[in-house]
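Quick notes on the structure that follows.
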Amino acid sequence: MPPPMPIRLHTARKLFSSSIRAADGANLSRACSPFRPVQTCRSISSTPFLWGSKKKKGQDPVDEDIQETRPSKGSKSSKKGSKAAKSVEESPGSDEDPHKLEWFEGRVAQCVDRLKSDLSKLRSGGRFNPETVENVRVKLEKDGKDTERLGDLAQVIPKGGRSLTVLVGDKEHVKPVMAAIQATKDLNLQPQPDAHNPVQLNIPIPPPTKESRNAVVQQAKEHGADAQRVLAKFRGDVNKAIRAHEVAKTTRPDDLVKAKKRMDTINTNASKQIKAIEDEAVKALSQ
């Protein structure tokens, strides 16, 4: 005999309410759980994750500016383009140096040091300094097309200013090194094998002529002109930074006037220093 209807309804109501509580408890536990389900798909993005610069390591920034500001053949004006704007972006004014004046002083010092270094190489023997010989390209195989830098195969040692000694690392490379030096017309040098050392070459340097002195003096003047052009480029970068503050009205007018005066003072002193260094080198090389 089936149970009465009220009893069956009461049992069904208890079962239904217990299932609802279980479902609510599961939802509540998922909502309060600190863990989140792991996504099985990746979001697609077109933004690269690396923004590294492609600038070569060890590259001198002053040397880049010299190459950029050096006038091209047949042109009297210096190159202009995105390089100056790039320099402003790479070295913006900071809170401590909003007008880039300290940056300007640092770059001027680098420029002066670079000029002194270039002129000292000329003064140490003109176009026959060790670096010039070390940069000669040597063909090790007679029929081959590959060449090696002489400085990677031998050591060049100046002796007394009127001769050079080349110590070749491998005996088999002595003849190719000698042939490469003789074939370099700009050097006009005749290496001679040493009588006691089979891997040594002695190179007598001919006395300077009027033409060779004039060529070295011209190189010194070109180095001075390069330094002056780089200085002008640096001044332009600083002037742009000051002008940007003036347009944005982020600096008081009195501070802008002081910044411009200091910029002009740094530029004037640096220009005089570069000119004095150039004149001293030209005088020494002309003797």
Side-chain angles (χ1 to χ4, degrees), residues 55-64 66-67 70 110-224 226-227 277-278 280-287:
K55 184 181 291 186
K56 294 181 181 180
K57 293 183 178 180
Q59 201 164 13
D60 189 353
V62 176
D63 182 59
E64 293 182 1
I66 290 175
Q67 297 297 331
R70 182 171 292 171
Q110 292 178 4
C111 183
V112 171
D113 291 341
R114 174 60 185 271
L115 176 62
K116 291 180 179 179
S117 176
D118 292 339
L119 294 178
S120 66
K121 295 174 184 177
L122 296 177
R123 195 177 292 117
S124 65
R127 57 196 176 120
F128 303 119
N129 65 75
E131 289 189 5
T132 305
V133 179
E134 289 174 353
N135 291 329
V136 172
R137 305 302 300 183
V138 180
K139 184 183 296 186
L140 298 179
E141 297 181 3
K142 186 176 181 180
D143 299 331
K145 296 182 179 180
D146 296 336
T147 59
E148 299 288 341
R149 182 174 172 271
L150 190 146
D152 298 332
L153 304 174
Q155 183 180 5
V156 182
I157 305 172
K159 286 193 172 183
R162 297 263 58 89
S163 64
L164 296 174
T165 297
V166 179
L167 296 177
V168 185
D170 194 337
K171 187 177 180 180
E172 296 180 355
H173 297 161
V174 173
K175 289 186 177 181
V177 168
M178 183 186 302
I181 296 175
Q182 291 174 342
T184 306
K185 296 181 180 180
D186 294 338
L187 296 180
N188 192 23
L189 299 177
Q190 296 297 327
Q192 301 172 358
D194 188 80
H196 305 286
N197 190 350
V199 295
Q200 177 175 328
L201 297 174
N202 300 320
I203 306 176
I205 299 178
T209 62
K210 183 178 180 181
E211 290 76 11
S212 63
R213 285 196 183 97
N214 292 339
V216 176
V217 168
Q218 183 61 31
Q219 291 181 15
K221 292 180 179 180
E222 290 177 358
H223 286 313
D226 287 339
I277 295 173
E278 177 188 343
E280 182 182 356
V282 168
K283 182 179 180 180
L285 294 170
S286 299
Q287 296 176 355

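We count residues from 1, following the sequence as given.
- Closest approach of L201 to P193, counting heavy atoms only: CD2-CA, 3.9 Å.
- T165 places a side-chain heavy atom less than 4.5 Å from the side chain of N202.
- In this structure, L140 and L153 have side chains that are in contact, with non-hydrogen atoms separated by less than 4.5 Å.
- You'll find the side chain of I181 reaches within 4.5 Å of the side chain of L150, heavy atoms only.
- Closest approach of P158 and L164 over heavy atoms only: CA-CD2, 3.5 Å.
- For the residue pair P206 and L189, the shortest heavy atom distance occurs at CD-CD2, 3.9 Å.
- To the nearest 0.5 Å, atom CD of residue E280 and atom CG of residue L119 are 9.5 Å apart.
- Distance check: K116 NZ to H223 NE2 gives 15.5 Å after rounding to the nearest 0.5 Å.
- Panel note: side chain S286, backbone K283; no donor-acceptor pair is recorded below 3.5 Å.
- The shortest distance between side-chain heavy atoms of L167 and N197 falls below 4.5 Å.
- Applying the salt bridge (charged side-chain N to carboxylate O under 4.0 Å, His left out) test to residues at least two apart or on different chains, the pairs with a partner in residues 132-146 are E134-R149.
- The minimum heavy-atom distance linking V138 with V177 is given by the pair CG1-N, 3.9 Å.
- Minimum interatomic distance between V174 and P198 (heavy atoms only, all atoms of both residues): CG2-O, 3.6 Å.
- Taking each heavy atom of P207 and R162 in turn, the nearest pair found is CA-NH2, 4.3 Å.
- Atom-to-atom distance recorded for D118:CG and I277:CD1 is 11.5 Å, nearest 0.5 angstrom.
- Considering only residues two or more places apart in sequence or on other chains, D113 meets the side-chain hydrogen bond (donor to acceptor under 3.5 Å, both in side chains) condition with none of them.
- In this structure, CD in Q182 is found 9.5 Å from CD1 in I203, a value given to the nearest 0.5 Å.
- Taking CD of Q200 as the reference point, atom CD of Q192 lies at 11.5 Å (rounded to 0.5 Å).
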